[in-house]
Amino acid sequence: MESHSVEKIETQNQIPQIMEPSKGTSFFRTCVNGINALSGIGIISVPYALSQGGWLCLMLLFLVAIICCYTGILLQKCMSVSPSIKTYPDIGEFAFGNKGRILISIFLYLELYFVAIEFLILEGDNLQKLFPNAKIHFGCVKIVGREVFVLLVAIIILPTTWLKSLGLLAYVSIGGVLASIVLVFSIFWVGAIDGIGFEEKGVIWRWDGLISAISMYTFCYCGHAVFPTICNSMKDRSQFPKVLFVCFILSIITYGSMATMGYLMYGQNLMSQITLNLPTGKISSKIAIYTTLVNPITKYALVISPIATAIEDKLPLRKSKFIVSYFIRTFLVISTITVALTVPFFGYVMTFTGALLGVTVSILLPCLCYLKIKKPSYLEVVFIGMILVFGSSVAISGTYTSLKNIISHV
């Protein structure tokens, strides 16, 4: 990569503006995939994040969204330099050689892997709240509580991971988008109709929880690992910035509404997942908790697909490629089940993932790759420099805080 000048690449290797209809997803279906990548597991915990930082911390939710939308556009600009750039690791290799590919791949796939694990943990926690006495017997083996639901959800998720086309995944993804809408309205119904009310005042500002709040906000918007794959699947890739704009606007509305309602309902008594605060006797509460089952089911395949694809591309097998693909994706599901059954700290794991992996993949690496590949103006360099300082501060302090909390509770 180092032997090619940026000027030569820009003039000779532009990505085609329009792909054949059979080879790409439409604008709408791409938006569905993008919104689903952003609006998922974080919606359950964003009220708790707001309670950690106070009301003024809500501005940071918008700031993080603006930064992450901008860095998403930076990734698209990096991809436009050469048609050979199709994935996030490709961007890293183009910018920093093979070391850049390896580094980005490590952070990228670790982030996706931890997100997949969080999906299963969330499902187990919430379904256990509804059915605390659930248990299954397999001969002499008895599975009880949260473990039952982690396994059942994994069985439901497994077939969706075998889908290879993002166009097909869009039909699955639309369920996740609808689930987010249903969840927001269910929480509103609990507060407005079922007697909880919106009377908690909360606090204006909390310094001690500020870093945790920002880390969790970043987790909410850490879809960058999937953005290059989604962009590459489009019919017209020049429309990707518009896709990002639509996705982030809708996600801001969703997250902001949920955070505000949840904080007004429960104030400083919020748990790491707002569904754990809901009264189980109400139908609206059950709808909200059941909806949390739909979101991970519809998002899991989209998140795990890049990991599986990366592994499959490294294998030389040809004749039995489909069988090997099914095996790899099944193994990935089994491995996430194993980890999810041993991790008890949902909130702290989310903070750690957002601070170390989310900030690195969604904020720091896009900026560094863009500065290396392109030739930005002076003002753009200054702006990106400010983003790098902000991101580095959050990554260092957030990782330290989350690890400290995990160790103290262990």
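Values in this document were obtained by computation on a predicted structure and should not be read as measured data.
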Which heavy-atom pair separates [X] from [Y] by the least distance, and what is that distance?
{"X": "Phe27", "Y": "Lys242", "value": "CE1-CB, 4.0 Å"}
{"X": "Cys68", "Y": "Ile363", "value": "SG-CG1, 4.3 Å"}
{"X": "Gln273", "Y": "Leu122", "value": "OE1-CG, 3.6 Å"}
{"X": "Pro376", "Y": "Tyr370", "value": "CB-CE2, 3.8 Å"}
{"X": "Ala225", "Y": "Glu111", "value": "CB-OE1, 3.5 Å"}
{"X": "Leu365", "Y": "Ile104", "value": "CD1-CG1, 3.8 Å"}

I'd like to check [X] versus [Y] (side-chain heavy atoms, cut-off strictly below 4.5 Å). Are they in contact?
{"X": "Leu108", "Y": "Pro89", "value": "yes"}
{"X": "Ile211", "Y": "Tyr400", "value": "no"}
{"X": "Val190", "Y": "Pro279", "value": "yes"}
{"X": "Ile304", "Y": "Val333", "value": "no"}
{"X": "Cys231", "Y": "Met79", "value": "yes"}
{"X": "Phe96", "Y": "Arg101", "value": "no"}
{"X": "Leu120", "Y": "Ile157", "value": "yes"}
{"X": "Val243", "Y": "Cys31", "value": "yes"}

Which distance, rounded to the nearest 0.5 Å, do you find between the [atom1] of [X] and the [atom2] of [Y]?
{"X": "Met261", "Y": "Phe185", "atom1": "CE", "atom2": "CZ", "value": "8.5 Å"}
{"X": "Ile66", "Y": "Cys69", "atom1": "CD1", "atom2": "SG", "value": "8.5 Å"}
{"X": "Ile274", "Y": "Met265", "atom1": "CD1", "atom2": "CE", "value": "5.5 Å"}
{"X": "Thr342", "Y": "Ile121", "atom1": "OG1", "atom2": "CD1", "value": "8.0 Å"}
{"X": "Cys369", "Y": "Leu364", "atom1": "SG", "atom2": "CG", "value": "10.5 Å"}
{"X": "Met216", "Y": "Ile214", "atom1": "CE", "atom2": "CD1", "value": "12.5 Å"}

side-chain contact (heavy atoms from CB on, under 4.5 Å) evaluation trace for Ser335 with Tyr113: CA-CA 10 Å; Ser335 65; Tyr113 192 75; 2.9 Å; yes

Please check: side-chain N/O of [X] versus main-chain N/O of [Y], any donor-acceptor pairing under 3.5 Å?
{"X": "Thr399", "Y": "Ile396", "value": "no"}
{"X": "Trp162", "Y": "Thr330", "value": "no"}
{"X": "Tyr217", "Y": "Leu60", "value": "no"}
{"X": "Thr401", "Y": "Gly398", "value": "no"}
{"X": "Thr218", "Y": "Gly354", "value": "no"}
{"X": "Tyr109", "Y": "Ala310", "value": "no"}
{"X": "Ser45", "Y": "Tyr48", "value": "no"}
{"X": "Thr360", "Y": "Leu357", "value": "no"}
{"X": "Glu118", "Y": "Val349", "value": "no"}
{"X": "Thr161", "Y": "Leu158", "value": "yes"}

Taking atom [atom1] of [X] as the centre, report whether more than 12 heavy atoms of other residues, nucleotides or ligands fall under 6.0 Å from it.
{"X": "Lys86", "atom1": "NZ", "answer": "yes"}
{"X": "Trp189", "atom1": "CH2", "answer": "no"}
{"X": "Phe62", "atom1": "CZ", "answer": "yes"}
{"X": "Phe327", "atom1": "CZ", "answer": "no"}
{"X": "Phe390", "atom1": "CZ", "answer": "yes"}
{"X": "Ile249", "atom1": "CD1", "answer": "yes"}

Sub-6.0 Å ring centroid separation between Tyr221 and Phe248: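 For Tyr221 and Phe248, the ring centres are under 6.0 Å apart.
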
Got a sec, which residues hit side chain to side chain contact (heavy atoms under 4.5 Å, CB included) with Cys367, two or more places apart in sequence or on another chain?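 Once residues adjacent in sequence are excluded, the partners of Cys367 under the side chain to side chain contact (heavy atoms under 4.5 Å, CB included) criterion are Thr71, Leu74, Ile384, Ile387, Leu388.
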
Checking [Y] against [X]: is there a side-chain donor and acceptor pair closer than 3.5 Å?
{"X": "Asp90", "Y": "Thr87", "result": "yes"}
{"X": "Thr30", "Y": "Thr25", "result": "yes"}
{"X": "Tyr266", "Y": "Ser51", "result": "no"}

With Leu152 as reference, evaluate Ile156, Val148, Val150 under the side-chain contact (heavy atoms from CB on, under 4.5 Å) test and give the passing residue. Val148

Show the numbers, then the answer: is there a side-chain contact (heavy atoms from CB on, under 4.5 Å) between Asp125 and Arg146? CA-CA 6 Å; Asp125 289 344; Arg146 183 171 63 89; 2.9 Å; yes

Could you check Ile43 against Tyr255 for side-chain contact (heavy atoms from CB on, under 4.5 Å), going step by step and ending with a plain yes or no? CA-CA 6 Å; Ile43 198 172; Tyr255 283 127; 3.9 Å; yes

Residues Thr336, Tyr300; criterion side-chain contact (heavy atoms from CB on, under 4.5 Å); working and verdict: CA-CA 11 Å; Thr336 56; Tyr300 189 98; 2.7 Å; yes

